[in-house]
Each structure stands twice: as structure tokens, then as C-alpha cells.
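One structure is given below, encoded as C-alpha cells.
Values below: all heavy atoms of this structure, side chains included; hydrogens, waters and symmetry mates excluded. Ligands are counted one by one from 1 in listed order, and the atoms in each one are counted from 1 as well.
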Amino acid sequence: MSKSATVPSYLRQRRVVLHIDLDCFYCQVEHVRLQIPSDIPLAVQQWQGLIAVNYAARKAGIQRHCTVREALAACPDLKLVHVATYANGEKEPKYHLNPSYATHKVSLDPYRRASALIFKIFQRFCNIVERASVDEAYMDVTEIVNSKLLGMFPNLDENSEAPDVDWANLGAIYENSETSFVPTDSHIDNNDKWCDWQLAVAAKLCAEIRDSIYRELGYTCSAGIAHNKTLAKLCSVLNKPNGQTVMRSSQTLGFMHSMPFQKIRNLGGKLGNVIEDVLQVETAGELWKFSVDELQTRFGRVTGAWLFGICRGIDSEEVVHRNVAKSMMAAKSFRPPLKNLEQIQHWATILGTELYTRVIDDFELNQRWPKNLVIHYRCVAQTAPRSKSCPFPRRGELFSPDTISTKISALFKSSAYAFPCVRLAASATGLNKDNSVGTIDISQFVAVRRDAGEDTATNSDHKINMHTHEIASTERQHKNLPESSLMKKQATLDKVLQQNCNQTLQETEAKIEDTRLSESCDKFNLSPGDIRRFFVDATASTDSSAPDIVPSDSSDTKSINEMSLCDKCNKMIPQDQWIEHKDFHFALQLQREDDSGRKLVLTTNNRSSKKRKTDISNYFKNRTG
Ligand code: DCP
């Protein structure tokens with residue numbers, strides 16, 4: 001019998017998650033490259049703006065998006081490093097001393113390369129690593145931790161008494177003794193004590209991972225260790241830089257009580273604004289006064305149950321293995337706009353060179369090769385970018401950047417000319433393992449099985465069990481309910497969450513259909529204009545939202561630079577618009593929940609306490625109009 005068969009069920013039901021985030025990432029890459037000690041104030045500059053600021057410079061009051069002039073006024077000793085750029089005719093990015101926006105193209109390759117090395121280390125420790133951005137990841141370490149626990153307690157079974165945990169040397173342990181929601185250690189039940197053991201073992205593992213990153217690469221990072229992604233993420237910032245924080249179950253309500261609810265994952269965008277407006281709340285604790293029924297009535301079954309849980313720190317979202325970006329993009333905005341094909345060819349050469357370098361780098365690191373080459377371009381008169389695509393050159397056919405540059409120009413020429421052109425981007429999409437290359441990493445195989453939703457029913461059952469268990473134990477702490485009434489409540493919740501799960505399964509099946517937005521329009525009573533405007537805003541806002549001092553190359557920021565394919569609508573979405581984009585699907589989901597076909601009606605108490613009713617299509621109009 002395998003070891004995991006003997007792990008008590010309550011430990012198998014509790015997920016253990018790490019969220020690791022590098023400190024002032026771009027700055028650290030420059031510190032290491034230039035061998036500058038970390039206590040010297042340093043900032044990374046792009047044109048005349050700052051995109052990363054180290055902790056020594058933050059002490060002097062300097063923030064990201066300060067201008068160079070403001071930063072130097074606050075801290076004359078500040079060391080400024082301009083990001084690498086491609087100059088005219090150069091095939092490699094370099095750290096030019098005075099690059100010009102008109103002639104140079106930003107390259108974030110040094111940070112991407114550093115990121116790839118960091119993720120290799122993550123992967124060495126754990127095979128479920130979800131890349132959240134260029135410098136942060138979630139890791140599901142449940143199985144590793146449970147098997148370590150079995151090694152430490154070989155006789156562990158369902159009835160074993162948990163010894164006290166010694167929390168010394170495991171990082172900061174979040175404590176909030178001020179609220180009445182935190183039980184004393186003597187009131188924590190035996191199962192929760194074993195769950196504390198899980199966190200303690202995870203904290204030790206996390207410290208080892210952070211230590212490896214520091215020893216091998218010289219970068220410090222901070223981390224959160226908790227029973228779910230939301231809590232791990234929320235507590236990883238509590239002891240930055242170079243610190244880690246453990247969030248025990250018993251402390252969770254105390255932590256969430258005063259948490260501004262819009263800091264919670266998925267609630268940071270416009271969806272959070274709608275909830276604030278509808279419910280008139282600011283903190284997660286203020287959401288507790290709404291019963292699960294009330295939340296479901298207002299927001300639908302799935303969202304209501306999710307909101308009920310998430311404001312109490314309950315989150316059943318899985319860590320999905322994805323440790324590399326699914327696509328890569330090189331882009332440039334033009335001010336003044338390009339007026340002729342010659343200029344396009346010039347920039348196609350630079351974009352092609354950047355994309356070539358990244359594809360080759362990625363192939364060396366991850367043995368992946370793209371399926372398609374896509375260009376996106378926009379002229380002054382267009383509100384939305386247009387795109388054209390062709391198959392990506394096969395590996396045996398790609399000998400130099402020129403092949404890609406020529407294809408970019410050809411794609412542009414084959415489209416209706418878009419002059420004056422304000423933006424041109426080229427992306428390599430559909431990156432997949434190149435099967436012609438040697439062996440396939442076994443962890444990828446496991447990941448594919450997970451992605452493909454194998455054992456969906458088992459996973460979902462597991463999810464429901466975890467969720468109800470957590471809600472029940474949280475409610476017990478929260479309301480001090482006697483066990484019998486809790487059982488009743490849990491039965492109701494089980495029902496609700498079973499429905500929730502069925503809905504999720506149906507949604508998975510519906511995903512394929514959902515790729516056609518026009519269908520969604522009909523189904524959800526949104527005009528195509530609503531949806532188009534949403535995407536126009538989502539994709540076109542990049543330029544206008546960027547501060548003037550930082551003209552927006554699309555490789556400007558980590559977020560803009562990294563595009564991800566949305567599996568719900570098959571659109572390429574810049575990372576910095578993920579939250580809003582997820583909101584969009586979330587809102588569609590709200591609409592979908594209305595089984596009877598009636599429009600979802602949100603009853604809003606606005607600030608003037610006048611009641612107003614609005615359906616979800618107004619929500620889109622307000623957002624995009
Ligand atoms: N970045 C950027 N533009 C932004 C946000 C981030 O170019 N608007 C880049 C620079 C950062 C890196 O991405 O170094 C990681 O972003 P984080 O938000 O994680 O910020 P830092 O790592 O710089 O600092 P912290 O220690 O606060 O996480």
C-alpha cells in the first residue's frame with residue numbers, strides 16, 4: 001500500500017499552498033548583474049519613468065511611476081539603471097546609456113531569463129507550480145507535506161493526538177489577538193492542530209526554496225504559507241522584503257475581519273466596485289452579515305457561495321500547474337505614428353529579432369515551439385487593434401530572425417494597410433512541447449492530465465468536501481454554534497455546494513461554446529456592442545492608460561508584456577488586464593445563473609440611499625461607455 005493511503009482524511013482534505021513573490025524583482029536582477037549591494041538605493045528606469053524601485057530607495061519615498069527628476073530630487077544618490085533596449089540594426093538588446101524612444105525598443109529579456117531560472121528552482125521542489133506573473137508563483141505542496149508528516153509521525157492515523165507545534169524559526173506566524181474571532185490555542189481542535197503541522201512543514205520547505213533561490217541566483221523573495229491560494233497571496237506581502245508569513249486556520253477570521261475586501265483576488269477590479277456599490281461594504285468582515293442565501297439571491301448560486309466563503313478566507317481554487325507563459329509577444333507603440341511600409345519593415349526587423357531570441361531561449365529551456373505567428377496592429381483611426389496570423393515557421397526552417405521579420409512584414413502587407421500606424425505587435429502563440437525533442441518532462445504529463453480535467457468528479461468531490469469542512473469549522477469559530485445546528489447548516493451548504501459543483505462541471509463543458517462571443521451576446525442579453533466595447537477597452541487601453549512619461553512599448557511592464565490566452569473566449573489578454581477580463585467572464589457567469597431566463601436584477605443601495613435597479617448589461621455599459 002502506498003504511503004499516501006494512510007494519511008488521515010482531514011489532512012488530505014486540506015490543501016497546503018505557498019505563494020512566493022520576488023522582492024523588487026527588476027531591481028534585484030540589476031543588483032546582481034552590476035554587483036551593487038542591496039542597501040544602495042536603486043531604481044529601474046524606462047525612458048523618463050521608473051518601473052521598479054528597490055527597498056532602500058522606497059525608504060527615501062520613491063515609488064514606481066515617479067519620474068526620474070522627482071526621484072533624483074528625493075534621493076540624489078539614487079542609482080538609475082535604464083532597461084535594456086534594441087537599437088537600430090542590433091540583433092541583441094544592450095544596456096544603452098541614453099536610449100531614445102524614437103529609435104530604440106525596450107527589451108525585458110534579462111528579467112525573463114532570470115524568471116525562467118527561478119521557476120526552474122520552484123519546479124525542482126514541487127511539480128504543481130502555477131505561474132502568477134513573471135516573479136510570483138503558487139505552489140501546491142500538499143502531497144509533499146503529507147508525506148513528510150508521515151515520515152515524522154509513522155504511526156499517524158485518524159485518531160492520533162497532535163503534539164504542539166514549535167513555530168520558532170519558521171518565519172512570521174500571523175497573529176491577531178485583538179478580535180474576538182481568534183480562538184486560543186487550547187480551543188483548537190485536534191484536526192486543526194494537525195493542519196497546523198502541515199503549515200509548519202510547508203513553512204520549512206518554503207524557507208528551503210527561498211534559500212536556494214538566494215544561494216543560487218542571489219535574489220530574495222517573500223512568501224505566504226496557508227491552506228489556500230487567496231490566503232497565501234494575501235499574507236505573502238505581510239513581511240516583505242525577504243520574509244515569510246504563515247496563516248493558521250485559527251487566525252484566518254481575525255485576519256480577514258478588517259481586510260479591505262477589494263484586496264482579495266478577483267475582487268480587485270470592477271466586480272469589486274459593483275459589490276461595494278450593491279452591498280455598501282468595504283471590508284471582508286462587513287460582508288459577514290450577509291447570509292449565503294442573501295448573497296446567492298443577489299449574485300447567483302455560484303458567485304454567492306464563492307463570495308460567502310472568500311470573505312472568510314475560504315477558497316477552494318486549485319493550483320493549476322503552469323510554470324511558463326503560454327505565448328510571447330514583442331510590441332512597439334509609435335509616437336509619431338509610422339507612415340509607410342519602409343518604416344514598418346524597419347520595426348518588423350526589430351520585433352522579429354526579439355521574438356526570435358525569445359522563441360529560441362524558450363526552446364532551450366522548455367523544449368517548446370509555437371504554432372502560430374500573429375501580428376496585431378492599430379492605426380490612428382481604429383479603436384481596436386486588428387490581427388493577422390500564419391503558421392509559425394517550423395523548427396528546421398527557422399535559421400535567423402529574418403524569417404520571422406519577413407513574415408511580420410508580409411502579414412502586414414496582406415492586411416488592409418493601417419497607416420498611420422500607432423502600434424505593431426508580433427506574438428508567438430500556441431507554445432507546446434516539441435515532440436520531436438527527446439524526452440518529455442513527466443511533471444508536464446501530470447499537468448496535462450490535470451488540465452484535461454481527468455478525474456473531474458473526484459476533484460470536484462474533494463473540492464466540495466474541503467469547502468464544506470472549512471465553512472463548517474469557520475462558522476463554529478465564528479458563531480460558536482452547537483454542533484447539531486451546525487450539522488443542519490452544513491447539510492444546506494452541502495446542497496448549495498453540490499449545485500455549485502454541478503454548475504462548475506456544466507460550465508467546463510460550456511467553455512467550448514463560450515468561445516463564440518456572438519452566441520454569448522444572444523444568450524446573456526448583451527448587445528454585441530457591449531462586449532466589443534469591453535474588449536476594445538480591454539485591449540486598447542494600454543496606450544492611453546500608460547503615463548505620458550512612459551510611452552507604451554508593449555514590453556513595458558511585466559503585465560503589459562505578458563499576454564495570456566483566455567480559455568473562456570480564446571482572446572489574448574495582457575496580464576495587467578486579467579483581473580478585469582476575469583471580471584467580465586464572472587459577470588457573464590452571473591447572468592448565466594439566471595436559469596429561468598429572467599435578467600439578473602441587482603438591487604443597489606447607492607450612497608444617497610435611493611434604491612435603484614440595474615441589470616447586468618447596464619453594468620457593462622457603465623464599465624465601458
Ligand atoms: N513591473 C512593471 N510595471 C508594473 C508593475 C511591475 O514593469 N506596473 C515590473 C517591475 C517589477 C516586476 O514587474 O520589478 C515585478 O512586479 P511587482 O509588482 O511584483 O513589484 P516588485 O517585485 O518590483 O516589488 P515588490 O517587492 O513590492 O513585489
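Here Gln46 has no heavy atoms under 4.0 Å from ligand 1, in either its backbone or its side chain. Contacts between Tyr55 and ligand 1, counted as non-hydrogen atom pairs separated by less than 4.0 Å, involve the side chain only. Heavy atoms of Glu30 found under 4.0 angstrom from ligand 1: none, in either backbone or side chain. With a 4.0 Å cut-off on non-hydrogen atoms, Ile51 touches ligand 1 through its backbone as well as its side chain.
Ligand 1 lies within reach of Cys24, whose nearest heavy atom is under 4.0 Å from it.
Both tests hold for Arg33 against Tyr95: distance to the six-membered ring centre under 6.0 Å, angle to the ring axis within 45°. A cation-pi arrangement is not found for Lys91 relative to Tyr86, the charged atom failing to lie both closer than 6.0 Å to the ring centre and inside a 45° cone about the ring normal. Note that Arg131 lies in the cation-pi zone of Phe119, set by a 6.0 Å cut-off to the ring centre and a 45° limit from the axis.
Which parts of ligand 1 touch Asp21 is read off a 4.0 Å heavy-atom cut-off, strictly below it: atoms 19 (O), 28 (O). Atom numbering of ligand 1 starts at 1 in the shown order; those under 4.0 Å from a heavy atom of Phe25 are 14 (O), 21 (P), 22 (O), 23 (O). In the vicinity of Leu22, heavy-atom distances shorter than 4.0 Å reach the ligand 1 atoms 22 (O), 26 (O), 28 (O).
Without hydrogens or angle criteria, Arg358 side chain to Met329 main chain gives a donor-acceptor distance under 3.5 Å.
In this structure, Phe122 and Ser212 have side chains that are not in contact, with every pair of non-hydrogen atoms separated by 4.5 Å or more.
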- Task: Apply the test side chain to side chain contact (heavy atoms under 4.5 Å, CB included) to residues Thr429 and Lys326: give CA-CA distance (whole Å), side-chain angles for both, the deciding distance (0.1 Å), then the verdict.
- Result: CA-CA 7 Å; Thr429 67; Lys326 286 181 187 163; over 6 Å; no
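Comparing heavy-atom distances from atom 15 (C) of ligand 1 across Val29, Val53, Asp135, Val83 singles out Asp135 as nearest. Residue Arg58 holds the heavy atom nearest to atom 24 (O) of ligand 1 of all those in Arg58, Arg64, Lys240.
The shortest N or O to N or O distance between Ala52 and ligand 1 is not below 3.5 Å. Considering backbone and side-chain atoms alike, Val134 places every N or O at 3.5 Å or more from each N or O of ligand 1.
Using bins of under 30°, 30° to 60° and over 60° for the plane-to-plane angle, the ring pair His19/Tyr138 lands in the tilted bin.
A 6.0 Å sphere centred on CD of Gln63 holds no more than 12 heavy atoms belonging to other residues, nucleotides or ligands.
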